[in-house]
2 protein chains.
Amino acid sequence: MSDIPDIVIGRLPIYLRELKRLAHEENKLTTSSHELGKRLGISSAQIRKDLSHFGEFGKQGTGYHINYLIEKLQEILNLTHEWPVVLVGAGYLGHALANYAGFQPRGFSIKWVFDSDPSKIGGTVAGLNIQSVNELKSTIARENVKMAIIAVPVSVVQAITDTLVESGVKAILNYVPVHLNVPEDVQVSYSDPVTQMQRMTFYLE
Amino acid sequence: MSDIPDIVIGRLPIYLRELKRLAHEENKLTTSSHELGKRLGISSAQIRKDLSHFGEFGKQGTGYHINYLIEKLQEILNLTHEWPVVLVGAGYLGHALANYAGFQPRGFSIKWVFDSDPSKIGGTVAGLNIQSVNELKSTIARENVKMAIIAVPVSVVQAITDTLVESGVKAILNYVPVHLNVPEDVQVSYSDPVTQMQRMTFYLE
DNA sequence: CAAGGTTCGTGGAAGTTTTCACAATTGTAA
DNA sequence: TTACAATTGTGAAAACTTCCACGAACCTTG
């Protein structure tokens, strides 16, 4: 596989996000590692070092052409086409995610929503039909879906995960506060507000 | 301040979460660094080293008494009392957060909800009155609130943050996909689903 | 009670990440 | 054209994090 540190990969989307902001909200054409770093609280040396793993994108004396760097980062991160995403769980959080307008402009689109609650199946979220989890497997296989977001109760999350993995999903964003067991070739990213808050309370008072 | 690495602090809530799971769902009384590590995908040595920063909580040959370790971790993380939390933003995500049942049992409680949309102010979310952001400052000061969750549009997030900081908030969980500028003594934690997904797509195909 | 198996806590080695600091390149202005 | 200021890319140093491996402690069983 790739020998580029995962921690470096993790910063690229942050750079990309801020570069787009510079381009669209501040109408800038160029920037420097120093300016970008100052805006993000990251050292300029780190930004240069991170980018140097992938090529030479800047010019001495001038800095980086923003749109060019955006394009390069999108290529590196495999964002040159839109990724279709499966959402499992149509509770409050599922609704929020399905209705979130921030996915599409940044490379993702939730295209299917599943739930196991009979009272929800057949209903609609953000214009999408809520389907039974029984159809999860066939849909993923048929549509060759690689990414999923999980927002279901703790009790069923590992079973849902197993189904996703069996069906061919390779990347999961998990909103359920539980560690998932998956094969090595499947990416998992976690989002648990409580864990994040508990980390911060350590530093309070 | 503390000389314990932040990366260690970040793992403690994960340990705590899994320990509670072992206690409540599997009815176990003791565990070992090996067992805990296997369940979390973390090496046993790392768990032992992490805990050793704070004291000696285990026994050779036996391992850790789960309830004792839970209590100790809660003390370390300042979770011995419930933290009241302000929520700013009553959109889809705000609703999901306000209704989330996972805060209370783990040390937090959203007690106030604010929004700037006049059509929302006066309404209700999860039994809480939606108040105008104009009252944010006075509420935080009066109630001595230290923690906030932000789920507002990008365009206003820095202004809201400035108000929170001025009012005395010291820890912010930010769901808006933007880096926040805050003084050194204010903690910020970020949650941006797109950033997380973009990190994963690097490894796909 | 002794032997054998388990597990902790930890010093130091190994590995990883960040920072430093400088040659080289570019643009600007006199 | 030349001097000067800005900025990159990078090798090496410094800082940080993880892992190894072992003595000591503890439990169980015969």
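Letters go in sequence order (proteins before strands), and every chain restarts at 1.
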For a side-chain hydrogen bond (donor to acceptor under 3.5 Å, both in side chains) check, start with the C-alpha distance between Glu35(B) and Thr31(B), then their side-chain angles and the critical distance, and finish with the verdict. CA-CA 6 Å; Glu35(B) 180 182 41; Thr31(B) 187; 2.3 Å; yes

Have Asp50(A) and Tyr15(A) got a donor and an acceptor in their side chains that come within less than 3.5 Å?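 Indeed, the side chains of Asp50(A) and Tyr15(A) share at least one donor-acceptor pair under 3.5 Å.
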
Below 4.0 angstrom, N of the basic side chain to O of the carboxylate: do Arg106(B) and Asp192(A) qualify?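 Yes, charged N to carboxylate O under 4.0 Å.
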
Rounded to whole angstroms, how far apart are [atom1] on [X] and [atom2] on [N]?
X        : N       : atom1 : atom2 : result
Asp6(B)  : dT17(C) : CG    : P     : 16 Å
Ile7(B)  : dC19(D) : CD1   : P     : 11 Å
Gln46(B) : dA14(C) : CD    : P     : 19 Å
His65(A) : dT8(D)  : NE2   : P     : 15 Å
Ile47(B) : dT18(D) : CD1   : C1'   : 13 Å
Leu40(B) : dT18(D) : CG    : C1'   : 16 Å
Ile42(A) : dT17(C) : CD1   : C1'   : 13 Å
Ile4(B)  : dT17(D) : CD1   : P     : 12 Å

Would you check, one step at a time, whether the test side-chain contact (heavy atoms from CB on, under 4.5 Å) holds for Phe202(B) with Asp6(A)? CA-CA 10 Å; Phe202(B) 174 81; Asp6(A) 182 57; over 6 Å; no

Each nucleotide of nucleotides 5-10 of chain C classed B (base within 4.0 Å of a protein heavy atom), S (only sugar-phosphate) or -, in 5' to 3' order, makes -BBBBB

Taking atom CG of Leu173(A) and atom OG1 of Thr195(B), what is their separation to the nearest 0.5 Å? 10.5 Å

Look at the side chain of Ser132(B) and the backbone N and O of Asn134(B), then say whether any donor-acceptor pair between them is shorter than 3.5 Å.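 Yes; at least one donor-acceptor contact below 3.5 Å.
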
